[in-house]
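Structure record follows, encoded as C-alpha coordinates.
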Amino acid sequence: MARVPAAVLNLRSILNAVRKPSRALASQYGRRRSHPSVELVHPPHPWARALGLVAVVLMGAWLGLLIVGNVRVPVGPMNTTMTLRPSLSGGTKINVSPLGALQLDSHQAPVRLDVNVDQLDPERSQALVDHPERLSGLQDEVATDVEHGTLDLALRSCAAVVLGATTLGLAVYRRPRRALAAGGLALTLLAACGGTAYATWNPESVLEPRFSGLLSSAPSLVGNARSIVTEFDVYQKELARLVTNVTKLYDVTSTLPAYQPDPTTIRVLHVSDIHLNPASWKIIASLVEQYKVDVIVDSGDTMDHGTAAENGFLDPIPDLGAPYVWVRGNHDSLTTQRYLEGLKGVHVLDNGKAETIAGLRFAGMGDPQFTPDRSTNPGADESQEAAGDRLAAALRAQRAAGTPVDLAIAHEPSAARRVDGEVPMILSGHLHHQEMEVMKKGTRLRVEGSTGGSGLRAVEGKYPDPIEASILYMDRDTRHLQAWDEIKLGGLGLTTAEVSRHLPEDNLPGATPSPTGSRTGSSSASPTGSP
(Lines give C-alpha, C1' and ligand atoms only; values in the text may rest on other atoms or scores of the structure.)
Protein backbone atom coordinates (compact mmCIF):
# COMPACT_ATOMS: atom_id res chain seq x y z
CA MET A 1 0.00 0.00 0.00
CA ALA A 2 1.25 3.36 -0.95
CA ARG A 3 1.70 5.78 1.79
CA VAL A 4 0.09 9.23 1.50
CA PRO A 5 2.20 12.05 2.60
CA ALA A 6 1.07 13.87 5.73
CA ALA A 7 0.91 17.18 3.90
CA VAL A 8 -1.72 15.82 1.50
CA LEU A 9 -3.79 14.51 4.38
CA ASN A 10 -3.73 17.88 6.02
CA LEU A 11 -4.89 19.56 2.75
CA ARG A 12 -7.85 17.14 2.43
CA SER A 13 -9.02 17.85 5.94
CA ILE A 14 -8.94 21.57 5.29
CA LEU A 15 -10.99 21.23 2.08
CA ASN A 16 -13.59 19.05 3.83
CA ALA A 17 -13.87 21.59 6.58
CA VAL A 18 -14.55 24.30 4.00
CA ARG A 19 -17.09 22.20 2.01
CA LYS A 20 -19.31 21.31 4.99
CA PRO A 21 -20.34 24.85 5.87
CA SER A 22 -20.75 25.64 2.16
CA ARG A 23 -23.23 22.77 1.76
CA ALA A 24 -25.03 23.88 4.91
CA LEU A 25 -25.34 27.42 3.58
CA ALA A 26 -26.53 26.15 0.22
CA SER A 27 -29.10 23.94 1.89
CA GLN A 28 -30.31 26.80 4.05
CA TYR A 29 -30.50 29.16 1.02
CA GLY A 30 -32.53 26.55 -0.88
CA ARG A 31 -34.96 26.21 1.97
CA ARG A 32 -35.43 30.00 2.09
CA ARG A 33 -36.14 30.12 -1.63
CA SER A 34 -38.74 27.36 -1.25
CA HIS A 35 -40.49 29.38 1.53
CA PRO A 36 -41.07 32.90 0.23
CA SER A 37 -42.96 33.78 3.41
CA VAL A 38 -39.68 34.24 5.18
CA GLU A 39 -38.15 36.23 2.31
CA LEU A 40 -36.91 39.61 3.45
CA VAL A 41 -38.83 42.63 1.94
CA HIS A 42 -38.65 46.36 2.54
CA PRO A 43 -41.74 47.76 4.36
CA PRO A 44 -43.68 50.44 2.35
CA HIS A 45 -42.98 54.09 3.09
CA PRO A 46 -45.61 55.72 5.38
CA TRP A 47 -46.33 58.43 2.79
CA ALA A 48 -46.96 55.83 0.11
CA ARG A 49 -49.39 54.01 2.39
CA ALA A 50 -51.21 57.28 3.17
CA LEU A 51 -51.49 58.21 -0.49
CA GLY A 52 -52.80 54.76 -1.32
CA LEU A 53 -55.45 55.02 1.38
CA VAL A 54 -56.52 58.47 0.15
CA ALA A 55 -56.81 57.14 -3.41
CA VAL A 56 -58.97 54.25 -2.20
CA VAL A 57 -61.16 56.61 -0.18
CA LEU A 58 -61.69 59.05 -3.05
CA MET A 59 -62.39 56.33 -5.58
CA GLY A 60 -64.78 54.50 -3.26
CA ALA A 61 -66.60 57.70 -2.29
CA TRP A 62 -67.01 58.69 -5.94
CA LEU A 63 -68.36 55.25 -6.84
CA GLY A 64 -70.79 55.39 -3.92
CA LEU A 65 -72.12 58.79 -4.99
CA LEU A 66 -72.37 57.62 -8.57
CA ILE A 67 -74.39 54.52 -7.72
CA VAL A 68 -76.69 55.54 -4.86
CA GLY A 69 -75.96 59.18 -4.05
CA ASN A 70 -79.02 60.86 -5.61
CA VAL A 71 -82.55 61.64 -4.45
CA ARG A 72 -85.78 62.36 -6.33
CA VAL A 73 -87.41 65.46 -4.92
CA PRO A 74 -90.70 67.18 -5.87
CA VAL A 75 -90.03 70.93 -5.96
CA GLY A 76 -93.25 72.86 -6.44
CA PRO A 77 -94.87 71.54 -9.63
CA MET A 78 -91.62 69.91 -10.82
CA ASN A 79 -90.07 66.50 -10.30
CA THR A 80 -86.31 66.82 -9.83
CA THR A 81 -83.28 64.65 -9.12
CA MET A 82 -80.57 66.05 -6.83
CA THR A 83 -77.04 64.68 -6.90
CA LEU A 84 -73.64 65.55 -5.38
CA ARG A 85 -70.67 65.28 -7.75
CA PRO A 86 -66.92 65.79 -7.20
CA SER A 87 -65.83 69.12 -8.65
CA LEU A 88 -62.85 71.44 -8.45
CA SER A 89 -64.95 74.60 -8.72
CA GLY A 90 -68.09 73.70 -6.74
CA GLY A 91 -71.29 75.61 -7.48
CA THR A 92 -74.74 74.44 -8.54
CA LYS A 93 -75.79 73.21 -11.98
CA ILE A 94 -79.47 73.05 -12.93
CA ASN A 95 -80.15 70.91 -15.98
CA VAL A 96 -83.39 71.54 -17.88
CA SER A 97 -83.13 68.91 -20.60
CA PRO A 98 -83.24 69.40 -23.54
CA LEU A 99 -83.33 73.20 -23.21
CA GLY A 100 -79.89 73.44 -21.64
CA ALA A 101 -78.56 74.33 -18.21
CA LEU A 102 -77.77 77.21 -15.91
CA GLN A 103 -74.88 77.35 -13.45
CA LEU A 104 -74.73 79.26 -10.18
CA ASP A 105 -71.60 80.15 -8.20
CA SER A 106 -73.44 79.16 -5.04
CA HIS A 107 -70.44 77.86 -3.05
CA GLN A 108 -66.74 77.06 -3.19
CA ALA A 109 -66.05 73.43 -2.30
CA PRO A 110 -64.80 70.27 -4.04
CA VAL A 111 -68.41 69.07 -4.52
CA ARG A 112 -71.06 70.35 -6.95
CA LEU A 113 -74.81 70.12 -6.54
CA ASP A 114 -76.53 68.89 -9.73
CA VAL A 115 -80.28 69.42 -10.01
CA ASN A 116 -81.97 67.72 -12.97
CA VAL A 117 -85.48 68.95 -13.77
CA ASP A 118 -87.04 65.70 -14.97
CA GLN A 119 -90.59 66.84 -15.77
CA LEU A 120 -93.55 68.91 -14.67
CA ASP A 121 -96.02 66.95 -12.61
CA PRO A 122 -99.35 67.21 -14.49
CA GLU A 123 -101.56 67.16 -11.40
CA ARG A 124 -99.57 69.74 -9.41
CA SER A 125 -99.19 71.97 -12.47
CA GLN A 126 -102.91 71.82 -13.24
CA ALA A 127 -103.74 72.58 -9.61
CA LEU A 128 -101.53 75.66 -9.80
CA VAL A 129 -103.26 76.81 -12.98
CA ASP A 130 -106.73 76.12 -11.56
CA HIS A 131 -105.94 77.92 -8.29
CA PRO A 132 -103.47 80.72 -9.13
CA GLU A 133 -103.91 82.16 -5.65
CA ARG A 134 -101.55 79.39 -4.54
CA LEU A 135 -98.73 81.29 -6.24
CA SER A 136 -98.62 83.50 -3.16
CA GLY A 137 -97.27 80.56 -1.17
CA LEU A 138 -95.29 78.93 -3.95
CA GLN A 139 -92.01 80.54 -2.96
CA ASP A 140 -92.25 79.17 0.60
CA GLU A 141 -93.33 75.78 -0.73
CA VAL A 142 -90.35 75.60 -3.07
CA ALA A 143 -87.97 76.66 -0.30
CA THR A 144 -89.36 73.95 2.00
CA ASP A 145 -89.12 71.31 -0.75
CA VAL A 146 -85.50 72.24 -1.48
CA GLU A 147 -84.63 72.20 2.23
CA HIS A 148 -86.10 68.71 2.69
CA GLY A 149 -84.46 67.48 -0.49
CA THR A 150 -81.07 68.85 0.52
CA LEU A 151 -81.28 67.20 3.94
CA ASP A 152 -82.28 63.89 2.38
CA LEU A 153 -79.45 64.23 -0.14
CA ALA A 154 -76.92 64.95 2.64
CA LEU A 155 -77.90 61.83 4.60
CA ARG A 156 -77.95 59.63 1.52
CA SER A 157 -74.59 61.03 0.37
CA CYS A 158 -73.01 60.29 3.77
CA ALA A 159 -74.21 56.71 3.58
CA ALA A 160 -73.07 56.42 -0.05
CA VAL A 161 -69.51 57.65 0.49
CA VAL A 162 -69.00 55.59 3.67
CA LEU A 163 -70.36 52.44 2.04
CA GLY A 164 -68.39 52.99 -1.16
CA ALA A 165 -65.08 53.73 0.56
CA THR A 166 -65.50 50.87 3.07
CA THR A 167 -66.37 48.34 0.38
CA LEU A 168 -63.46 49.33 -1.85
CA GLY A 169 -61.11 49.39 1.16
CA LEU A 170 -62.13 45.86 2.09
CA ALA A 171 -61.58 44.70 -1.51
CA VAL A 172 -58.11 46.27 -1.70
CA TYR A 173 -56.69 45.69 1.79
CA ARG A 174 -58.73 42.66 2.91
CA ARG A 175 -58.45 43.93 6.44
CA PRO A 176 -61.57 45.13 8.27
CA ARG A 177 -59.63 47.74 10.25
CA ARG A 178 -58.22 49.30 7.06
CA ALA A 179 -61.68 49.23 5.44
CA LEU A 180 -63.28 50.95 8.44
CA ALA A 181 -60.51 53.52 8.42
CA ALA A 182 -61.27 54.24 4.74
CA GLY A 183 -64.98 54.69 5.54
CA GLY A 184 -64.26 57.01 8.45
CA LEU A 185 -61.88 59.09 6.37
CA ALA A 186 -64.50 59.37 3.60
CA LEU A 187 -67.10 60.62 6.08
CA THR A 188 -64.61 63.15 7.46
CA LEU A 189 -63.80 64.45 3.98
CA LEU A 190 -67.49 64.81 3.11
CA ALA A 191 -68.16 66.67 6.36
CA ALA A 192 -65.24 69.00 5.60
CA CYS A 193 -66.66 69.65 2.10
CA GLY A 194 -70.08 70.38 3.57
CA GLY A 195 -68.60 72.79 6.10
CA THR A 196 -66.67 74.58 3.36
CA ALA A 197 -69.78 74.85 1.18
CA TYR A 198 -71.77 76.25 4.12
CA ALA A 199 -69.06 78.77 4.95
CA THR A 200 -68.83 80.00 1.33
CA TRP A 201 -72.57 79.91 0.53
CA ASN A 202 -73.56 82.79 -1.75
CA PRO A 203 -77.36 83.31 -2.03
CA GLU A 204 -76.82 86.24 -4.44
CA SER A 205 -75.55 83.81 -7.08
CA VAL A 206 -79.14 83.32 -8.29
CA LEU A 207 -79.01 86.87 -9.67
CA GLU A 208 -76.04 86.11 -11.94
CA PRO A 209 -76.62 82.70 -13.56
CA ARG A 210 -74.66 81.44 -16.56
CA PHE A 211 -76.84 79.90 -19.27
CA SER A 212 -75.97 77.21 -21.80
CA GLY A 213 -77.84 75.48 -24.62
CA LEU A 214 -81.17 76.97 -25.71
CA LEU A 215 -81.42 78.66 -22.34
CA SER A 216 -78.62 80.98 -23.45
CA SER A 217 -81.36 83.04 -25.07
CA ALA A 218 -83.21 83.44 -21.76
CA PRO A 219 -81.67 86.80 -20.78
CA SER A 220 -82.71 88.35 -24.08
CA LEU A 221 -86.21 86.90 -23.72
CA VAL A 222 -87.05 87.77 -20.14
CA GLY A 223 -84.59 90.53 -19.31
CA ASN A 224 -81.93 90.89 -16.67
CA ALA A 225 -82.11 88.24 -13.94
CA ARG A 226 -82.04 90.87 -11.20
CA SER A 227 -85.05 92.66 -12.66
CA ILE A 228 -86.90 89.35 -12.99
CA VAL A 229 -86.35 88.62 -9.30
CA THR A 230 -87.55 92.12 -8.46
CA GLU A 231 -90.67 91.75 -10.60
CA PHE A 232 -91.52 88.23 -9.45
CA ASP A 233 -93.37 89.48 -6.38
CA VAL A 234 -95.58 91.45 -8.72
CA TYR A 235 -96.04 88.37 -10.86
CA GLN A 236 -97.11 86.28 -7.87
CA LYS A 237 -99.60 88.82 -6.58
CA GLU A 238 -101.18 89.78 -9.87
CA LEU A 239 -101.56 86.49 -11.72
CA ALA A 240 -104.52 85.55 -9.55
CA ARG A 241 -106.16 88.87 -10.36
CA LEU A 242 -105.36 88.37 -14.02
CA VAL A 243 -107.38 85.16 -14.13
CA THR A 244 -110.28 86.73 -12.25
CA ASN A 245 -110.54 89.19 -15.14
CA VAL A 246 -112.47 86.41 -16.85
CA THR A 247 -115.19 86.82 -14.24
CA LYS A 248 -115.14 90.54 -14.91
CA LEU A 249 -115.42 89.71 -18.58
CA TYR A 250 -118.70 87.88 -17.93
CA ASP A 251 -120.13 91.04 -16.38
CA VAL A 252 -118.90 93.17 -19.27
CA THR A 253 -120.46 91.01 -21.97
CA SER A 254 -123.89 91.34 -20.41
CA THR A 255 -123.80 95.09 -21.13
CA LEU A 256 -122.90 94.86 -24.84
CA PRO A 257 -125.12 96.88 -27.18
CA ALA A 258 -127.60 95.94 -29.85
CA TYR A 259 -126.19 93.28 -32.17
CA GLN A 260 -127.85 89.93 -31.58
CA PRO A 261 -126.46 87.23 -33.89
CA ASP A 262 -128.78 84.68 -35.40
CA PRO A 263 -128.78 81.38 -33.47
CA THR A 264 -127.35 79.69 -36.56
CA THR A 265 -124.35 82.06 -36.63
CA ILE A 266 -120.97 80.32 -36.58
CA ARG A 267 -118.82 81.72 -33.78
CA VAL A 268 -115.04 81.61 -34.33
CA LEU A 269 -112.64 82.39 -31.48
CA HIS A 270 -109.39 83.81 -32.89
CA VAL A 271 -106.31 83.54 -30.65
CA SER A 272 -102.62 83.96 -31.37
CA ASP A 273 -99.13 84.32 -29.86
CA ILE A 274 -99.85 82.51 -26.59
CA HIS A 275 -96.09 82.09 -25.95
CA LEU A 276 -96.39 79.44 -23.22
CA ASN A 277 -98.69 81.40 -20.91
CA PRO A 278 -100.66 78.72 -18.99
CA ALA A 279 -103.31 81.26 -17.96
CA SER A 280 -104.37 81.44 -21.63
CA TRP A 281 -106.01 78.01 -21.55
CA LYS A 282 -108.36 79.00 -18.71
CA ILE A 283 -109.26 82.22 -20.49
CA ILE A 284 -109.86 80.44 -23.81
CA ALA A 285 -112.01 77.76 -22.13
CA SER A 286 -114.04 80.48 -20.42
CA LEU A 287 -114.58 82.33 -23.71
CA VAL A 288 -115.63 79.11 -25.45
CA GLU A 289 -118.25 78.53 -22.76
CA GLN A 290 -119.40 82.15 -22.51
CA TYR A 291 -119.75 82.76 -26.25
CA LYS A 292 -120.75 79.21 -27.24
CA VAL A 293 -117.79 79.11 -29.64
CA ASP A 294 -117.98 76.63 -32.54
CA VAL A 295 -114.31 76.59 -33.53
CA ILE A 296 -111.02 78.03 -32.22
CA VAL A 297 -108.38 79.35 -34.64
CA ASP A 298 -104.79 79.75 -33.39
CA SER A 299 -102.59 81.68 -35.83
CA GLY A 300 -99.31 80.51 -34.31
CA ASP A 301 -96.50 81.20 -31.83
CA THR A 302 -98.12 78.99 -29.23
CA MET A 303 -94.61 78.06 -28.02
CA ASP A 304 -91.42 80.00 -27.28
CA HIS A 305 -88.61 77.60 -28.29
CA GLY A 306 -90.50 74.81 -30.03
CA THR A 307 -88.71 72.07 -28.08
CA ALA A 308 -90.09 68.66 -27.19
CA ALA A 309 -89.89 69.65 -23.51
CA GLU A 310 -92.59 72.26 -24.12
CA ASN A 311 -95.05 69.85 -25.74
CA GLY A 312 -96.81 69.03 -22.47
CA PHE A 313 -98.01 72.64 -22.40
CA LEU A 314 -100.34 71.77 -25.31
CA ASP A 315 -102.15 68.93 -23.52
CA PRO A 316 -105.15 71.04 -22.32
CA ILE A 317 -106.20 71.80 -25.93
CA PRO A 318 -108.50 68.74 -26.39
CA ASP A 319 -110.47 69.83 -23.30
CA LEU A 320 -111.14 73.44 -24.40
CA GLY A 321 -114.61 72.54 -25.66
CA ALA A 322 -114.29 73.27 -29.41
CA PRO A 323 -112.27 72.07 -32.45
CA TYR A 324 -108.84 73.71 -32.58
CA VAL A 325 -107.43 74.91 -35.93
CA TRP A 326 -103.70 75.72 -35.82
CA VAL A 327 -100.91 76.99 -38.08
CA ARG A 328 -97.22 77.12 -37.22
CA GLY A 329 -95.66 80.43 -36.14
CA ASN A 330 -92.01 81.43 -36.17
CA HIS A 331 -91.62 80.24 -32.55
CA ASP A 332 -93.22 76.86 -33.26
CA SER A 333 -91.17 73.97 -34.63
CA LEU A 334 -92.02 70.95 -36.73
CA THR A 335 -91.66 68.99 -33.48
CA THR A 336 -94.48 71.10 -32.06
CA GLN A 337 -96.52 70.58 -35.21
CA ARG A 338 -96.16 66.79 -35.14
CA TYR A 339 -97.20 66.70 -31.48
CA LEU A 340 -100.31 68.76 -32.18
CA GLU A 341 -101.23 66.49 -35.08
CA GLY A 342 -101.55 63.67 -32.56
CA LEU A 343 -103.94 65.52 -30.23
CA LYS A 344 -107.67 64.85 -30.42
CA GLY A 345 -109.72 67.65 -31.95
CA VAL A 346 -106.72 69.55 -33.35
CA HIS A 347 -106.58 70.39 -37.07
CA VAL A 348 -103.07 71.38 -38.22
CA LEU A 349 -103.03 73.27 -41.52
CA ASP A 350 -99.87 73.70 -43.60
CA ASN A 351 -98.81 74.06 -47.23
CA GLY A 352 -102.28 75.28 -48.22
CA LYS A 353 -104.07 72.26 -46.76
CA ALA A 354 -107.84 72.86 -46.51
CA GLU A 355 -110.42 71.35 -44.15
CA THR A 356 -114.09 71.99 -43.44
CA ILE A 357 -114.67 72.42 -39.70
CA ALA A 358 -117.88 73.57 -37.96
CA GLY A 359 -119.40 74.57 -41.31
CA LEU A 360 -116.47 76.73 -42.49
CA ARG A 361 -113.69 75.82 -44.90
CA PHE A 362 -110.22 76.74 -43.63
CA ALA A 363 -106.83 76.67 -45.33
CA GLY A 364 -103.46 77.55 -43.80
CA MET A 365 -99.74 77.93 -44.31
CA GLY A 366 -97.10 77.38 -41.60
CA ASP A 367 -94.47 80.06 -41.05
CA PRO A 368 -91.34 79.38 -43.15
CA GLN A 369 -89.06 80.90 -40.48
CA PHE A 370 -88.01 79.37 -37.14
CA THR A 371 -86.61 82.03 -34.82
CA PRO A 372 -85.47 80.04 -31.73
CA ASP A 373 -82.63 78.23 -33.54
CA ARG A 374 -80.91 81.66 -33.62
CA SER A 375 -79.58 80.97 -37.10
CA THR A 376 -79.27 83.71 -39.68
CA ASN A 377 -81.85 83.20 -42.38
CA PRO A 378 -81.32 85.82 -45.06
CA GLY A 379 -84.31 86.88 -47.11
CA ALA A 380 -86.93 86.49 -44.36
CA ASP A 381 -89.31 88.87 -46.12
CA GLU A 382 -88.87 87.00 -49.38
CA SER A 383 -89.56 83.66 -47.71
CA GLN A 384 -92.76 85.05 -46.16
CA GLU A 385 -93.94 86.38 -49.48
CA ALA A 386 -93.11 83.06 -51.17
CA ALA A 387 -95.15 81.23 -48.51
CA GLY A 388 -98.02 83.63 -49.10
CA ASP A 389 -97.82 83.00 -52.84
CA ARG A 390 -98.01 79.23 -52.26
CA LEU A 391 -101.06 79.74 -50.07
CA ALA A 392 -102.68 81.94 -52.75
CA ALA A 393 -102.08 79.23 -55.36
CA ALA A 394 -103.67 76.64 -53.07
CA LEU A 395 -106.70 78.91 -52.59
CA ARG A 396 -107.10 79.27 -56.35
CA ALA A 397 -106.89 75.52 -56.76
CA GLN A 398 -109.61 75.04 -54.12
CA ARG A 399 -111.88 77.52 -55.85
CA ALA A 400 -111.29 75.85 -59.23
CA ALA A 401 -112.22 72.51 -57.65
CA GLY A 402 -115.54 73.93 -56.45
CA THR A 403 -114.55 73.98 -52.74
CA PRO A 404 -113.71 77.65 -52.09
CA VAL A 405 -112.07 78.53 -48.79
CA ASP A 406 -113.93 80.81 -46.35
CA LEU A 407 -111.07 81.63 -43.95
CA ALA A 408 -107.33 81.41 -44.60
CA ILE A 409 -104.66 81.50 -41.88
CA ALA A 410 -100.99 82.58 -41.97
CA HIS A 411 -98.92 83.67 -38.97
CA GLU A 412 -97.18 86.72 -40.45
CA PRO A 413 -99.22 89.56 -42.01
CA SER A 414 -96.57 89.90 -44.74
CA ALA A 415 -97.47 86.41 -45.94
CA ALA A 416 -101.20 87.00 -45.43
CA ARG A 417 -101.20 90.06 -47.72
CA ARG A 418 -100.20 87.88 -50.67
CA VAL A 419 -103.64 86.24 -50.79
CA ASP A 420 -105.56 89.48 -51.34
CA GLY A 421 -108.47 88.77 -53.68
CA GLU A 422 -108.26 84.96 -53.29
CA VAL A 423 -110.35 84.53 -50.12
CA PRO A 424 -112.97 86.63 -48.26
CA MET A 425 -110.91 86.79 -45.03
CA ILE A 426 -107.48 85.79 -43.70
CA LEU A 427 -106.35 85.58 -40.05
CA SER A 428 -102.83 86.24 -38.78
CA GLY A 429 -100.89 87.29 -35.66
CA HIS A 430 -97.20 87.95 -34.94
CA LEU A 431 -97.49 91.70 -34.24
CA HIS A 432 -98.86 91.33 -30.68
CA HIS A 433 -101.60 93.90 -31.28
CA GLN A 434 -105.01 93.82 -32.95
CA GLU A 435 -105.72 95.18 -36.43
CA MET A 436 -108.54 94.85 -38.96
CA GLU A 437 -108.08 95.94 -42.57
CA VAL A 438 -109.79 95.42 -45.89
CA MET A 439 -107.05 95.15 -48.53
CA LYS A 440 -107.17 96.61 -52.03
CA LYS A 441 -108.73 93.57 -53.73
CA GLY A 442 -111.39 93.07 -51.04
CA THR A 443 -109.89 90.45 -48.73
CA ARG A 444 -110.28 91.30 -45.06
CA LEU A 445 -107.10 90.89 -42.99
CA ARG A 446 -107.53 90.28 -39.26
CA VAL A 447 -104.36 90.52 -37.12
CA GLU A 448 -104.82 89.17 -33.59
CA GLY A 449 -102.92 90.40 -30.54
CA SER A 450 -101.14 88.17 -28.00
CA THR A 451 -103.59 85.89 -26.20
CA GLY A 452 -100.73 85.07 -23.83
CA GLY A 453 -99.92 88.71 -23.04
CA SER A 454 -96.63 87.97 -24.86
CA GLY A 455 -95.81 85.14 -22.45
CA LEU A 456 -92.54 85.49 -20.56
CA ARG A 457 -92.17 89.03 -21.84
CA ALA A 458 -95.00 90.03 -19.50
CA VAL A 459 -92.48 90.87 -16.76
CA GLU A 460 -89.94 92.55 -19.01
CA GLY A 461 -91.38 96.00 -19.67
CA LYS A 462 -92.99 98.68 -17.56
CA TYR A 463 -96.32 98.28 -19.36
CA PRO A 464 -97.11 94.62 -20.06
CA ASP A 465 -98.92 93.53 -23.19
CA PRO A 466 -102.66 92.96 -22.76
CA ILE A 467 -104.24 89.56 -23.30
CA GLU A 468 -106.22 89.80 -26.53
CA ALA A 469 -108.63 87.58 -28.47
CA SER A 470 -111.55 88.03 -30.85
CA ILE A 471 -114.93 86.44 -31.49
CA LEU A 472 -115.85 86.40 -35.20
CA TYR A 473 -119.53 85.95 -36.07
CA MET A 474 -119.83 84.24 -39.47
CA ASP A 475 -123.09 83.84 -41.40
CA ARG A 476 -123.75 80.13 -41.83
CA ASP A 477 -125.28 80.57 -45.30
CA THR A 478 -123.00 83.15 -46.93
CA ARG A 479 -120.00 82.41 -44.68
CA HIS A 480 -119.27 86.13 -44.55
CA LEU A 481 -118.35 88.14 -41.46
CA GLN A 482 -121.39 89.60 -39.69
CA ALA A 483 -119.63 91.18 -36.70
CA TRP A 484 -116.71 90.70 -34.37
CA ASP A 485 -115.94 91.33 -30.70
CA GLU A 486 -112.48 92.50 -29.67
CA ILE A 487 -111.67 91.24 -26.17
CA LYS A 488 -108.84 92.80 -24.21
CA LEU A 489 -107.80 91.93 -20.65
CA GLY A 490 -105.30 94.05 -18.78
CA GLY A 491 -101.83 92.53 -18.82
CA LEU A 492 -99.76 91.45 -15.86
CA GLY A 493 -100.30 93.77 -12.90
CA LEU A 494 -103.37 95.40 -14.50
CA THR A 495 -107.00 94.60 -13.73
CA THR A 496 -109.00 95.96 -16.65
CA ALA A 497 -111.38 94.22 -19.01
CA GLU A 498 -112.64 95.61 -22.31
CA VAL A 499 -114.97 94.15 -24.91
CA SER A 500 -115.83 96.11 -28.05
CA ARG A 501 -118.41 95.07 -30.66
CA HIS A 502 -117.71 95.93 -34.33
CA LEU A 503 -119.90 95.66 -37.43
CA PRO A 504 -118.68 95.62 -41.03
CA GLU A 505 -119.91 98.56 -43.08
CA ASP A 506 -122.27 96.37 -45.12
CA ASN A 507 -123.91 95.04 -41.93
CA LEU A 508 -124.71 98.40 -40.33
CA PRO A 509 -128.45 99.27 -40.07
CA GLY A 510 -129.74 100.51 -43.42
CA ALA A 511 -126.64 99.38 -45.35
CA THR A 512 -126.79 97.50 -48.65
CA PRO A 513 -125.16 94.07 -48.25
CA SER A 514 -122.08 93.41 -50.36
CA PRO A 515 -119.68 90.45 -50.64
CA THR A 516 -117.02 92.26 -48.65
CA GLY A 517 -117.06 95.48 -46.70
CA SER A 518 -114.67 98.33 -47.51
CA ARG A 519 -114.85 100.11 -44.17
CA THR A 520 -115.57 99.19 -40.59
CA GLY A 521 -118.17 100.62 -38.32
CA SER A 522 -118.02 99.86 -34.62
CA SER A 523 -120.15 99.77 -31.54
CA SER A 524 -118.25 99.22 -28.35
CA ALA A 525 -118.46 98.84 -24.63
CA SER A 526 -115.31 99.28 -22.61
CA PRO A 527 -116.01 98.96 -18.90
CA THR A 528 -112.95 98.75 -16.72
CA GLY A 529 -112.45 98.12 -13.09
CA SER A 530 -110.64 96.16 -10.45
CA PRO A 531 -112.13 92.89 -9.35
Between [atom1] on residue [X] and [atom2] on residue [Y], distance to nearest 0.5 Å:
X      : Y      : atom1 : atom2 : result
Leu287 : Lys282 : CG    : NZ    : 12.0 Å
Leu320 : Ile284 : CG    : CD1   : 6.0 Å
His347 : Asp298 : NE2   : CG    : 13.5 Å
Ile467 : Asp273 : CD1   : CG    : 12.5 Å
Asn277 : Ile283 : CG    : CD1   : 7.0 Å
Leu431 : His411 : CG    : NE2   : 8.5 Å

Looking at every heavy atom in both [X] and [Y], which two are closest together, and how far apart are they?
X      : Y      : answer
Ala322 : Val288 : CB-CG1, 4.2 Å
Pro368 : Ser383 : CG-O, 3.6 Å
Leu269 : Ala469 : CD1-CB, 4.1 Å
Arg72  : Pro74  : O-CD, 4.2 Å
Leu314 : Pro318 : O-CD, 4.1 Å

Sidechain-backbone polar pair: [X] side chain, [Y] backbone, donor-acceptor under 3.5 Å:
X      : Y      : answer
Asp367 : Gln369 : yes
Thr451 : Ser272 : yes
Asp105 : Gly91  : no

Is there side-chain contact between [X] and [Y], with at least one heavy-atom pair below 4.5 Å?
X      : Y      : result
Glu468 : Glu448 : yes
Trp326 : Ile296 : no
Ile357 : Tyr324 : no
Met303 : Ser333 : no
Thr83  : Arg112 : no
Leu340 : Leu343 : yes
Leu187 : Cys158 : yes
Glu412 : Ser428 : no

Do you see a donor-acceptor pair shorter than 3.5 Å between the side chains of Thr336 and Glu310? no

Given Leu63 and Thr167, is the side chain to side chain contact (heavy atoms under 4.5 Å, CB included) satisfied, shown in steps? CA-CA 10 Å; Leu63 289 175; Thr167 302; over 6 Å; no

Apply side chain to side chain contact (heavy atoms under 4.5 Å, CB included) to residues Asp332 and Asp301 and explain how you reach the verdict. CA-CA 6 Å; Asp332 304 315; Asp301 273 6; 4.3 Å; yes

Check the pair Trp281, Asp319 against side chain to side chain contact (heavy atoms under 4.5 Å, CB included), reporting the backbone distance first and the verdict last. CA-CA 9 Å; Trp281 300 132; Asp319 300 321; over 6 Å; no

Starting from the C-alpha separation in whole Å, work towards a yes-or-no answer on side chain to side chain contact (heavy atoms under 4.5 Å, CB included) for Asp350 and Met365. CA-CA 4 Å; Asp350 196 6; Met365 176 66 68; 4.0 Å; yes

Which of these, Val346, Val348, Asp315, sits in a side-chain contact (heavy atoms from CB on, under 4.5 Å) with Tyr339? Asp315

